[in-house]
**Q** 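Take a look at this one; I'll ask things after.
Ligands are counted one by one from 1 in listed order, and the atoms in each one are counted from 1 as well.
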Amino acid sequence: MPIVRNLGRAASQLLQSSGCGCGVSLVPVRAIGVSPRQVASDASFHSVTFSESDHPRVLITGGLGQLGVGLAKLLRKRFGKNNVILSDIRKPADNVFYSGPFIFADILDYKNLREIVVNNRITWLFHYSALLSAVGEANVPLARAVNITGLHNVLDIAAEHNLRLFVPSTIGAFGPTSPRDPTPDLCIQRPRTIYGVSKVHAELMGEYYHYRYGLDFRCLRYPGIISADSQPGGGTTDYAVKIFHDAMKTGKFKCYLRPDTRLPMMYIDDCLKATLEIMEAPAEALTMRTYNINAMSFTPEELAQEVQKYVPELQITYSVDQVRQAIADSWPMNFDDSNARRDWGWKHDYDLPELVTTMFSYLGSDSRIAQAN
Ligand SMILES: NC(=O)c1ccc[n+]([C@@H]2O[C@H](COP(=O)([O-])OP(=O)(O)OC[C@H]3O[C@@H](n4cnc5c(N)ncnc54)[C@H](O)[C@@H]3O)[C@@H](O)[C@H]2O)c1
Ligand SMILES: C[C@@H](O)[C@H](N)C(=O)O
């Protein structure tokens with residue numbers, strides 16, 4: 001790290017001595033002059049820091065997806081309702097709108113995003129906006145814009161305004177040439193989806209901004225996340241959410257992955273707990289800025305067996321979707337999260353049986369639950 005910091009200093013000195021004659025000095029993040037958005041040093045910045053006793057002021061982008069509303073709920077419990085602003089480009093449901101501050105924020109609109117951060121004195125940003133793996137393959141230009149250009153906007157704003165920035169990555173940041181069983185934190189990453197490529201880019205850019213500009217970037221690679229009260233946004237792991245809803249509604253489930261497709265998965269409460277934990281971890285504890293986290297790994301067949309303990313009449317058929325199967329076949333089967341466990345004490349609470357019990361109790365399955373347990 002010292003070498004990289006020195007490199008940064010050297011680059012700044014080089015720029016200062018280059019006699020460019022522009023007449024305005026630039027804030028550090030722009031100093032190497034690679035960004036189209038150069039900001040004069042006399043611009044009105046709110047470079048916010050907060051003491052330990054203060055609560056962070058939080059913005060969540062892409063907050064109306066599968067994970068954002070739950071994250072807002074957790075953070076509001078911790079930091080107070082009005083300190084956590086949920087944002088998205090979609091219209092929130094009534095219960096979300098009335099549960100705490102909500103604001104329109106398109107991450108592709110740099111100026112608007114910057115204004116929100118400044119006007120609300122944001123100190124922590126959770127960047128959840130993204131197009132997931134399957135929908136990303138269906139619309140590569142949009143995925144590229146949202147996942148890459150949007151990330152650039154967020155990174156610049158976070159660096160300029162001294163924010164602590166969380167960006168989730170994914171098991172999808174690995175590819176067919178990565179070790180798959182288990183997949184460690186540091187190994188070959190050559191994903192074959194625009195989603196995976198954009199997430200590797202996010203990991204690398206965030207780490208670069210950390211070493212180059214001191215940005216407090218923190219990143220977790222999530223497994224497939226399973227939740228009861230929010231719907232997934234078009235990923236490859238979505239079958240593991242849909243099976244519960246279909247079991248409850250129709251007693252029939254058509255799975256788009258082969259029965260033996262093993263993927264790492266996690267219950268949403270564990271995912272959100274890990275997210276808050278890494279954001280609160282002391283910087284000295286973090287030997288890395290991007291960590292794998294894991295809870296369990298299972299196949300559709302194994303999940304179905306567990307679900308059938310609650311809905312024994314559930315009928316499962318398999319109709320493989322080639323796109324999502326190819327994606328799943330290139331992803332980790334088991335995730336090695338030993339660094340997270342060692343550095344900041346990561347520990348999951350939900351294994352497969354607890355996950356299934358919790359999902360059914362959430363979905364109010366009492367009437368259908370068999371006495372099998
Ligand atoms: N859900 C999972 O299983 C999972 C696993 C690994 C990583 N992640 C990551 O966690 C984050 C949240 O995932 P999710 O499941 O809630 O995603 P999601 O697809 O359910 O939600 C993404 C949200 O981003 C919003 N969005 C799209 N374009 C936008 C734009 N231009 N400006 C602002 N918002 C925009 C969408 O409206 C949507 O509400 C994503 O970055 C995702 O990659 C999720
Ligand atoms: C794994 C994750 O990133 C997402 N659920 C997807 O399948 O695309």
Side-chain angles (χ1 to χ4, degrees), residues 59-72 86-93 96 102-110 112-113 116 125-139 142-154 165-174 183 191 193-203 206 219-227 229-242 256-257 261 263-268 270-272 274-275 290 292-295 297 321 323-325 327-328 330-332 335:
L59 176 68
I60 304 170
T61 69
L64 295 185
Q66 187 190 2
L67 306 184
V69 173
L71 180 68
L86 203 55
S87 75
D88 208 301
I89 53 172
R90 296 192 274 147
K91 202 165 155 188
V96 174
F102 177 86
I103 200 163
F104 172 88
D106 181 347
I107 54 154
L108 295 175
D109 184 345
Y110 173 82
N112 174 242
L113 201 57
I116 291 169
L125 200 157
F126 293 79
H127 179 47
Y128 268 6
S129 311
L131 259 63
L132 302 194
S133 58
V135 292
E137 289 313 291
N139 192 343
L142 184 63
R144 198 180 69 175
V146 173
N147 296 8
I148 298 180
T149 308
L151 173 91
H152 292 171
N153 288 342
V154 166
L165 174 64
F166 178 82
V167 179
S169 185
T170 161
I171 49 173
F174 297 94
T183 305
T193 60
I194 185 64
Y195 178 60
V197 169
S198 69
K199 290 293 186 179
V200 178
H201 179 72
E203 294 175 6
C219 174
L220 296 177
R221 295 193 190 103
Y222 294 161
I225 306 300
I226 297 161
S227 59
D229 56 357
S230 56
Q231 292 297 325
T236 300
T237 56
D238 294 4
Y239 88 86
V241 178
K242 195 164 188 296
Y256 55 76
L257 294 182
T261 310
L263 290 167
M265 300 279 187
M266 181 177 281
Y267 184 57
I268 187 167
D270 272 340
C271 165
L272 301 178
T275 304
T290 301
N292 293 351
I293 50 164
N294 197 22
S297 269
D321 170 57
V323 174
R324 283 181 287 192
Q325 186 66 54
I327 294 173
S330 73
W331 283 1
F335 225 24

**Q** Measure the shortest side-chain to side-chain distance between Val146 and Leu131 over non-hydrogen atoms and say whether it is less than 4.5 angstrom.
**A**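 Yes; the side chains approach each other to less than 4.5 Å.
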**Q** Below 4.0 Å, non-hydrogen atoms only: which portion of Ser169 touches ligand 1? Side chain, backbone, both or neither.
**A**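 Backbone only; the side chain of Ser169 stays clear of ligand 1.
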**Q** Give, for atom CD1 of Ile293 and atom CE of Met266, the distance between the pair rounded to the nearest 0.5 Å.
**A**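 That separation rounds to 4.0 Å.
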**Q** If you count the atoms of ligand 1 from 1 in the order shown, which ones are under 4.0 Å from a heavy atom of Gly233?
**A**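 In order of number, 19 (O), 20 (O).
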**Q** What is the closest protein heavy atom to atom 1 (N) of ligand 1, and at what distance does it sit?
**A**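 Atom 1 (N) of ligand 1 sits closest to the protein heavy atom Gln66 OE1, 2.8 Å.
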**Q** With side chains defined as the heavy atoms from C-beta onward, is the minimum distance between Thr275 and Leu220 less than 4.5 Å?
**A**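 They are in contact (side-chain heavy atoms under 4.5 Å apart), so the answer is yes.
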**Q** To the closest 0.5 Å, what do you measure between OH (Tyr195) and CG (Asn147)?
**A**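 If we round to the nearest 0.5 Å, Tyr195:OH and Asn147:CG are 8.0 Å apart.
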**Q** Quick test: of every protein heavy atom, which one is nearest to atom 28 (N) of ligand 1, and how far off is it to 0.1 Å?
**A**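 Result: Ile89 CD1, 3.7 Å.
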**Q** Report yes if His127 has an N/O atom closer than 3.5 Å to an N/O atom of ligand 1; otherwise report no.
**A**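 Between His127 and ligand 1 (N or O atoms, distance only) the closest approach is not under 3.5 Å.
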**Q** Evaluate the side-chain proximity of Ile148 to His152: yes if any heavy-atom separation is below 4.5 Å, no if none is.
**A**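 A side-chain contact exists here, since the closest heavy-atom pair is under 4.5 Å.
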**Q** I need the nearest protein heavy-atom contact for atom 4 (C) of ligand 2: residue, atom name and distance, please.
**A**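 Nearest neighbour among protein heavy atoms for atom 4 (C) of ligand 2, to 0.1 Å: Thr237 OG1, 3.9 Å.
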**Q** Using a 4.0 Å cut-off to any heavy atom of Thr170, which atoms of ligand 1 qualify?
**A**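 Heavy-atom distances to Thr170 below 4.0 Å select 6 (C), 7 (C).
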**Q** Within less than 4.0 angstrom of ligand 1, does Ala145 place any heavy atom?
**A**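 For ligand 1, residue contact (heavy atoms, under 4.0 Å) with Ala145 is absent.
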**Q** What part of Tyr222, side chain from CB on, backbone N/CA/C/O, both or neither, has a heavy atom under 4.0 Å from ligand 2?
**A**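 The answer is neither; Tyr222 stays 4.0 Å or more away.
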**Q** Does Phe102 reach the side chain of Asp88, with side-chain heavy atoms less than 4.5 Å apart?
**A**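 Yes, close enough: below the 4.5 Å cut-off.
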**Q** Answer side chain, backbone, both or neither: which part of Ile327 comes under 4.0 Å from ligand 2, heavy atoms only.
**A**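 Neither; no heavy atom under 4.0 Å.
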**Q** Would you mind listing which atoms of ligand 2 come within a distance below 4.0 Å of any non-hydrogen atom of Ile171?
**A**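 Answer, ordered by atom number: 1 (C).
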**Q** Does any N or O in the side chain of Asn153 come within less than 3.5 Å of the main-chain N or O of Ile107, such that one atom is a donor and the other an acceptor?
**A**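 Yes, because the side chain of Asn153 sits within donor-acceptor range (under 3.5 Å) of the backbone of Ile107.
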**Q** Aromatic rings Phe166 and Tyr128: how do their planes relate, parallel, tilted or perpendicular, breaks at 30° and 60°?
**A**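 Perpendicular, since the angle between the ring planes exceeds 60°.
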**Q** Polar-atom distance check: Ile107 versus ligand 1, any N or O pair below 3.5 Å?
**A**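 Yes: some nitrogen or oxygen of Ile107 is under 3.5 Å from one in ligand 1.
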**Q** Among all protein non-hydrogen atoms, which one is nearest to atom 6 (C) of ligand 1, and what is the separation to 0.1 Å?
**A**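 Atom 6 (C) of ligand 1 sits closest to the protein heavy atom Tyr222 CB, 3.3 Å.
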**Q** What residue and atom, counting heavy atoms only, is the protein's closest point to atom 43 (O) of ligand 1, and at what distance?
**A**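 Nearest neighbour among protein heavy atoms for atom 43 (O) of ligand 1, to 0.1 Å: Tyr195 OH, 2.6 Å.
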**Q** Atom 40 (C) of ligand 1: which protein heavy atom is closest, and how many Å away?
**A**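 The closest one turns out to be Tyr128 O, 3.2 Å.
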**Q** Starting from atom 31 (N) of ligand 1, find the nearest protein heavy-atom neighbour and note its residue, name and distance.
**A**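 Of every protein heavy atom, Asp106 OD1, 2.9 Å lies nearest to atom 31 (N) of ligand 1.
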**Q** Find out whether Phe174 and Arg221 are in side-chain contact, i.e. whether some heavy atom of one side chain is under 4.5 Å from a heavy atom of the other.
**A**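 A side-chain contact exists here, since the closest heavy-atom pair is under 4.5 Å.
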**Q** Given the rule in the side-chain contact (heavy atoms from CB on, under 4.5 Å) test, do Leu67 and Tyr222 qualify, once you have shown the distances and angles that lead to the verdict?
**A** CA-CA 11 Å; Leu67 306 184; Tyr222 294 161; 3.6 Å; yes
**Q** How about Glu137 and Ile194: do any of their side-chain heavy atoms sit closer than 4.5 Å?
**A**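 Yes; the side chains approach each other to less than 4.5 Å.
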**Q** Any atoms of ligand 2 less than 4.0 Å from a non-hydrogen atom of Trp331? List them with their elements.
**A**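 In order of numbering, the contacting atoms are 1 (C), 6 (C), 7 (O), 8 (O).
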**Q** Return the closest protein heavy atom for atom 34 (N) of ligand 1 as residue, atom name and distance.
**A**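 Result for atom 34 (N) of ligand 1: Ser129 OG, 3.1 Å.
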**Q** Could you tell me which atoms of ligand 2, counted from 1 in the order shown, lie closer than 4.0 angstrom to a heavy atom of Tyr195?
**A**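 The list of qualifying atoms is 2 (C), 3 (O), 8 (O).
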**Q** Give the atoms of ligand 2, by number and element, whose distance to some non-hydrogen atom of Gly235 is under 4.0 Å.
**A**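 Those atoms are 6 (C), 7 (O), 8 (O).
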**Q** Is the closest heavy-atom distance from Pro223 to ligand 1 below 4.0 Å?
**A**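 Pro223: in contact with ligand 1 (<4.0 Å).
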**Q** State if Arg221 counts as touching ligand 1 under the rule of any non-hydrogen atom under 4.0 Å.
**A**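 No.
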**Q** Take Thr236 and Ser133 through the test side chain to side chain donor-acceptor pair (under 3.5 Å) and record every step on the way to the result.
**A** CA-CA 6 Å; Thr236 300; Ser133 58; 2.8 Å; yes
**Q** Who's closest to atom 38 (C) of ligand 1 heavy-atom-wise, of Leu64, Leu71, Asp88?
**A**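 Comparing heavy atoms across Leu64, Leu71, Asp88, the nearest one to atom 38 (C) of ligand 1 lies in Asp88.
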**Q** How many angstroms lie between atom CG of Leu59 and atom CG of Leu125, to the nearest 0.5 angstrom?
**A**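 Output value for this atom pair is 4.5 Å.
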**Q** Closer than 4.0 Å to some heavy atom of Leu132 - which atoms of ligand 2 meet that?
**A**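 Within the 4.0 Å cut-off of Leu132, ligand 2 contributes 8 (O).
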**Q** Which of the numbered atoms in ligand 1 are below 4.0 angstrom from a heavy atom of Ala105?
**A**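 Matching atoms, with element in brackets: 32 (N), 33 (C).
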**Q** Of the choices Gly136, Cys271, Pro232, Gly65, which has the non-hydrogen atom that lies closest to atom 18 (P) of ligand 1?
**A**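 Minimum heavy-atom distance to atom 18 (P) of ligand 1 goes to Gly65.
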**Q** Please report the interatomic distance CD1(Ile226) to OH(Tyr267), rounded to the nearest 0.5 Å.
**A**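 Here the rounded value is 10.0 Å.
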**Q** Report the member of Ile225, Asn153, Thr275, Leu132 with the shortest heavy-atom distance to atom 42 (C) of ligand 1.
**A**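 Nearest heavy atom to atom 42 (C) of ligand 1 lies in Leu132.
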**Q** Decide yes or no for Pro232 and Thr237: does some side-chain heavy atom of the first lie under 4.5 Å from some side-chain heavy atom of the second?
**A**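 When only atoms from C-beta onward are counted, Thr237 and Pro232 do not touch, as no gap falls below 4.5 Å.
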**Q** Is there a polar contact between ligand 1 and Pro168, counting only N or O atoms under 3.5 Å apart?
**A**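 For ligand 1, there is no N or O atom that lies under 3.5 Å from one belonging to Pro168.
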**Q** What's the shortest distance from atom 13 (O) of ligand 1 to any protein heavy atom, and which residue and atom give it?
**A**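 Ranking protein heavy atoms by distance from atom 13 (O) of ligand 1, first comes Leu67 CD1, 3.9 Å.
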**Q** Any heavy-atom pair between the side chains of Leu86 and Leu64 that's under 4.5 Å?
**A**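 Yes, their side chains come closer than 4.5 Å.
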**Q** If you measure from OG1 on Thr61 to CD1 on Ile103, what distance do you get to the nearest 0.5 Å?
**A**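 Here the rounded value is 12.5 Å.
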**Q** Counting non-hydrogen protein atoms only, what is the nearest one to atom 2 (C) of ligand 2? Give residue, atom name and distance.
**A**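 Nearest neighbour among protein heavy atoms for atom 2 (C) of ligand 2, to 0.1 Å: Thr170 OG1, 3.6 Å.
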**Q** For atom 8 (O) of ligand 2, what's the nearest protein heavy-atom neighbour? Residue, atom name and distance, please.
**A**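 Sorting protein heavy atoms by distance from atom 8 (O) of ligand 2 puts Ser133 OG, 2.6 Å first.
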**Q** Verify side chain to side chain donor-acceptor pair (under 3.5 Å) between Glu203 and Thr290, making sure each step is shown before the conclusion.
**A** CA-CA 7 Å; Glu203 294 175 6; Thr290 301; 5.0 Å; no
**Q** Please classify the Thr236 to ligand 2 contact at 4.0 Å (heavy-atom distances, strictly less than): side chain, backbone, both or neither.
**A**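 It is both backbone and side chain that touch ligand 2.
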